[in-house]
Engineer: 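Encoded as structure tokens, here's the structure I'll be asking about.
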Amino acid sequence: MFELLAVIFGLLQGITVALNKRCNWVFYIIQMIFMCLFSYSNHLYGDTFNSFIYIFFGIYGWISWGAPESKVSYMSMYQKIFIIFIIFFGYFILKSHLQGTNDPLPHIDSFTTITSIIATVLMTCRKVEAWILWFVNDIVYVIQYWMLPDQAFYLMCLNVVWTGLAVYSYIKWVKIVNNEKNIHSIKISV
């Protein structure tokens, strides 16, 4: 039941975020509530933790996307290096913790937990690179849900759809940034 509800709201969120709509954060918050319940009942403690944290990211995303200065942009090279460092550091710390639990997939759960948190932060800040990270993350989630002792078939399918939406969203956000640059260069040259 929790899985199916998470999938329904996840599809709504995925479609609305791909369309760059602020209302995606409402669907996101509801989906995360159901993901918390699903993940906890399947002993995916990393996913339970990040789904809980995502509720707050959803609130922040709703607020930040409503700000007039909120624009899609690229990360700086220093930001990219910092993010890569955080992913590696966070993965190893979380993996060492999850190995001491009854988490059935501590290595994958650690990776998806850390990369999901980082991708969500980047998405709330409207960074194009969020979609590259989501693309990788969604593929690994497909593998995780396939490998679960009681396969999470619907969530696996949702992540297949999200993989495609990540590609679509990346292309759309690159076009948004390029259009803003073109508009800005026209204003400067006038």
Engineer: According to a hydrophobic-cluster definition based on side-chain heavy atoms being under 4.5 Å apart (Ile, Leu, Val, Met, Phe, Trp, Tyr only), do I132 and I86 belong together?
Structural biologist: no

Engineer: A side-chain contact here means heavy atoms from C-beta on lying under 4.5 Å apart; do I87 and I83 qualify?
Structural biologist: yes

Engineer: State which residues pass ring-ring contact (aromatic ring centres under 6.0 Å, His included) with F52; sequence neighbours excluded, sorted by chain then number.
Structural biologist: F56

Engineer: Going by side chain to side chain contact (heavy atoms under 4.5 Å, CB included), name the residues that satisfy it together with L19, two or more places apart in sequence or in a different chain.
Structural biologist: I15, K21, Y168

Engineer: With sequence neighbours excluded, give me every salt bridge (charged side-chain N to carboxylate O under 4.0 Å, His left out) pair touching residues 78-90.
Structural biologist: K80-E129

Engineer: Show the nearest heavy-atom pair for residues T16 and C23, with the distance to one decimal.
Structural biologist: CG2-SG, 3.9 Å

Engineer: To the nearest 0.5 Å, what is the distance between CD1 on I53 and CD1 on I117?
Structural biologist: 6.5 Å

Engineer: If Ile, Leu, Val, Met, Phe, Trp and Tyr residues are connected whenever their side-chain heavy atoms lie under 4.5 Å apart, and connections chain through other members, are I33 and L158 in the same group?
Structural biologist: yes

Engineer: Is it true that a side-chain atom of T124 and a backbone atom of G61 form a donor plus acceptor pair closer than 3.5 Å?
Structural biologist: no

Engineer: If hydrophobic clusters are built by linking Ile, Leu, Val, Met, Phe, Trp and Tyr wherever their side-chain heavy atoms come under 4.5 Å apart, do I29 and Y60 end up in the same one?
Structural biologist: no

Engineer: Which residue pairs pass the ring-ring contact (aromatic ring centres under 6.0 Å, His included) test when at least one of the two sits in residues 3-35, sequence neighbours left out?
Structural biologist: W25-Y28, W25-W65, Y28-Y54

Engineer: Output, in order, the C-alpha distance, side-chain angles, deciding distance and verdict of side chain to side chain contact (heavy atoms under 4.5 Å, CB included) for V17 and W131.
Structural biologist: CA-CA 11 Å; V17 75; W131 299 113; 3.7 Å; yes

Engineer: Using the side chain to side chain contact (heavy atoms under 4.5 Å, CB included) criterion, which residues pair with V26? Sequence neighbours excluded.
Structural biologist: I30, W62

Engineer: Should side-chain heavy atoms under 4.5 Å link Ile, Leu, Val, Met, Phe, Trp and Tyr, which residues sit in the same cluster as M77?
Structural biologist: I81

Engineer: Just to verify, what does F89 make a ring-ring contact (aromatic ring centres under 6.0 Å, His included) with, not counting sequence neighbours?
Structural biologist: F85

Engineer: I118 and side chain to side chain contact (heavy atoms under 4.5 Å, CB included): which partner among V121, L122, T115?
Structural biologist: L122

Engineer: Sequence neighbours left out, what passes side-chain hydrogen bond (donor to acceptor under 3.5 Å, both in side chains) with N24? Give chain and number order.
Structural biologist: Q13

Engineer: For the hydrophobic clusters of this structure (ILVMFWY residues joined by side-chain heavy atoms under 4.5 Å, transitively), does one cluster hold both L133 and F57?
Structural biologist: no

Engineer: How long is the gap from SG on C125 to CE on M75, to the nearest 0.5 Å?
Structural biologist: 9.5 Å

Engineer: Would you give the length of the straight line joining atom CG of N159 to atom CD of Q144, rounded to the nearest 0.5 angstrom?
Structural biologist: 8.5 Å

Engineer: For residues N137 and S116, is any side-chain donor paired with an opposing acceptor at under 3.5 Å?
Structural biologist: yes

Engineer: Could you check whether W134 and W162 have their ring centres less than 6.0 Å apart?
Structural biologist: no

Engineer: Tell me, do S70 and R126 make a side-chain contact under 4.5 Å, heavy atoms counted?
Structural biologist: yes

Engineer: Backbone N or O of M32 within a donor-acceptor pair of the S51 side chain at under 3.5 Å?
Structural biologist: no

Engineer: Answer whether the closest heavy-atom distance between the side chains of Y141 and T163 falls below 4.5 Å.
Structural biologist: no

Engineer: Measure the spacing between OH of Y154 and CD1 of I8 and express it to the nearest 0.5 Å.
Structural biologist: 10.0 Å

Engineer: As a quick check of understanding, evaluate side chain to side chain contact (heavy atoms under 4.5 Å, CB included) for M35 and Q31, giving each step before the final call.
Structural biologist: CA-CA 6 Å; M35 281 302 300; Q31 180 207 10; 4.2 Å; yes

Engineer: Which atoms form the tightest heavy-atom contact between G90 and I114, and what is the distance?
Structural biologist: C-CG1, 3.5 Å

Engineer: Looking only at non-hydrogen atoms, find the nearest pair between Y40 and T48 and report the distance.
Structural biologist: N-OG1, 3.0 Å

Engineer: Around Y91, counting heavy atoms of other residues, nucleotides and ligands shown, do more than 12 lie under 6.0 Å from its OH?
Structural biologist: yes

Engineer: Name all residues meeting the side chain to side chain contact (heavy atoms under 4.5 Å, CB included) criterion together with I63; count only those two or more places apart in sequence or in a different chain, and write none if there are none.
Structural biologist: I59

Engineer: Please give me the minimum heavy-atom distance between A166 and D138, naming the atom from each residue.
Structural biologist: CB-OD2, 4.3 Å

Engineer: With ring-ring contact (aromatic ring centres under 6.0 Å, His included) as the rule and sequence neighbours excluded, what pairs involving residues 92-117 come up?
Structural biologist: none

Engineer: Examine distances only and state if a side-chain atom of T112 and a backbone atom of D109 form a donor-acceptor pair shorter than 3.5 Å.
Structural biologist: yes

Engineer: Set out, in order, the CA-CA distance, both residues' side-chain angles and the distance that settles ring-ring contact (aromatic ring centres under 6.0 Å, His included) for Y78 and F82, then state yes or no.
Structural biologist: CA-CA 6 Å; Y78 295 112; F82 179 71; over 10 Å; no

Engineer: Working to the nearest 0.5 angstrom, can you tell me the gap between S39 OG and L155 CG?
Structural biologist: 7.5 Å

Engineer: Is it the case that over 12 heavy atoms from other parts of the model lie below 6.0 angstrom from the CZ atom of F153?
Structural biologist: no

Engineer: Applying side chain to side chain contact (heavy atoms under 4.5 Å, CB included), name anything that partners V160, two or more places apart in sequence or on another chain.
Structural biologist: V142

Engineer: Is L94 reachable from F49 through a run of I, L, V, M, F, W or Y residues, each pair having side-chain heavy atoms under 4.5 Å apart?
Structural biologist: no

Engineer: For E3, what residues pass the salt bridge (charged side-chain N to carboxylate O under 4.0 Å, His left out) criterion, not counting sequence neighbours?
Structural biologist: none

Engineer: Do you know which two heavy atoms are closest between K127 and Y74, and how far apart they sit?
Structural biologist: NZ-O, 3.6 Å

Engineer: Go through the steps for M147 and I108 under the test side chain to side chain contact (heavy atoms under 4.5 Å, CB included), then give the verdict.
Structural biologist: CA-CA 10 Å; M147 293 176 65; I108 294 175; 3.7 Å; yes

